[in-house]
Amino acid sequence: MTRLLVLCGLVMWVGAALLLSTTRWFARRPLTERLRPYTPGGLAPGRSSGLLSLESFREVVGPVSRNLGEQAARLFGVSEDLAVRLARIHSPLDVTAFRVRQLGWVVGAFGTGALLAVALGLPTPLAVVMVLGAPLLAFLVLEQQISSASDRWKRTLFLELPVVSEQIGLLLSAGYSLAGALSRVSTRSD
């Protein structure tokens, strides 16, 4: 019981430090950071961050989540690169941001599964399945969402290809040059 209280206290301390590091009144910026906008070329954001700040936490978690996510995706048979799938669906996220978000969902599902297993008093085999299955399900659901959105985009492109080629052919027969026909078709569609 004492170990659990100490562990909860440590987790709360780290969480409070991360949360308070983002508030202005708690983590005052150094003088050099406050004067940066008034120097030549100083409008670029600064790179310094504290030891227990949200930025340093992201810098540590980003590469780890990216590597773990890629390995887990390969383990479950996803062969297409995530960067390609994200670019294909015009996602505003990069690979690292997606993997960090995915890791957040996995950790949340793990916590929820553990809480439900303890709260419901499930037998040990069922509790293990719930605690390990919930994060796995969260990971695979997010992977499936990206893959299905990518497949929808590929299918839409495949179905539009004959229409685009027909429009280019009509413009070429109407006297447009190839560059002019491509330019006209590209401005009329997305």
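All values derive from a computational prediction rather than experimental measurement.
In this structure, Leu93 is a member of the same hydrophobic cluster as Ile89, with clusters built from ILVMFWY side-chain heavy atoms closer than 4.5 Å. Hydrophobic clustering of Ile, Leu, Val, Met, Phe, Trp and Tyr side chains at less than 4.5 Å, counting indirect connections, unites Leu75 with Val106. Note on Leu142: it clusters hydrophobically with Val95, by side-chain heavy-atom contacts below 4.5 Å among ILVMFWY residues. Residues Leu116 and Val107 do not share a hydrophobic cluster, defined by chaining ILVMFWY side chains whose heavy atoms lie under 4.5 Å apart. By the criterion of side-chain heavy atoms lying less than 4.5 angstrom apart, applied directly or through intervening Ile, Leu, Val, Met, Phe, Trp or Tyr residues, Leu172 is grouped together with Leu182 in one hydrophobic cluster.
Closest approach of Leu178 and Ile168 over heavy atoms only: CD1-CG2, 4.4 Å. Nearest heavy-atom pair across Ala127 and Ala117 is CB-CB, 3.8 Å. Taking both residues in full, the closest heavy atoms of Phe139 and Gly69 are given as CZ-O, 3.7 Å, listed atom of the first, atom of the second, then distance. What you find for Ser150 and Glu80 is that their closest heavy atoms are OG-OE1, 4.2 Å.
To the nearest 0.5 Å, atoms CG (Asp81) and CZ (Arg74) are separated by 9.5 Å. Expressed to the nearest 0.5 Å, how far OG1 of Thr156 lies from CG of Leu161 amounts to 12.5 Å. Taken from CG in Leu115 to CZ in Phe110, the straight-line distance is 10.0 Å, to the nearest 0.5 Å. Put simply, NZ on Lys154 and CG on Leu159 are 13.5 Å apart, with the number rounded to the nearest 0.5 Å. In this structure, Leu137 CG and Met130 CE are separated by 11.0 Å, a value rounded to the nearest 0.5 Å. In this structure, Met12 CE and Leu5 CG are separated by 11.0 Å, a value rounded to the nearest 0.5 Å.
Counting only heavy atoms from C-beta outward, the side chains of Ser148 and Arg152 approach each other to under 4.5 Å.
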Verify side chain to side chain contact (heavy atoms under 4.5 Å, CB included) between Phe76 and Glu143, making sure each step is shown before the conclusion.
-> CA-CA 10 Å; Phe76 289 107; Glu143 280 292 323; over 6 Å; no
Carefully, step by step, assess Arg85 and Trp153 under the rule side chain to side chain contact (heavy atoms under 4.5 Å, CB included).
-> CA-CA 10 Å; Arg85 291 182 286 160; Trp153 186 87; over 6 Å; no
Under the side chain to side chain contact (heavy atoms under 4.5 Å, CB included) rule, what do Ile146 and Leu86 come out as? Steps first, then yes or no, please.
-> CA-CA 7 Å; Ile146 291 292; Leu86 289 173; 3.7 Å; yes
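Side-chain contact check for Arg99 and Gln102: at least one donor-acceptor pair (N or O, by modelled atom type) lies under 3.5 Å.
Looking only at distances, no side-chain donor or acceptor of Ser183 sits under 3.5 Å from a matching main-chain atom of Ala179.
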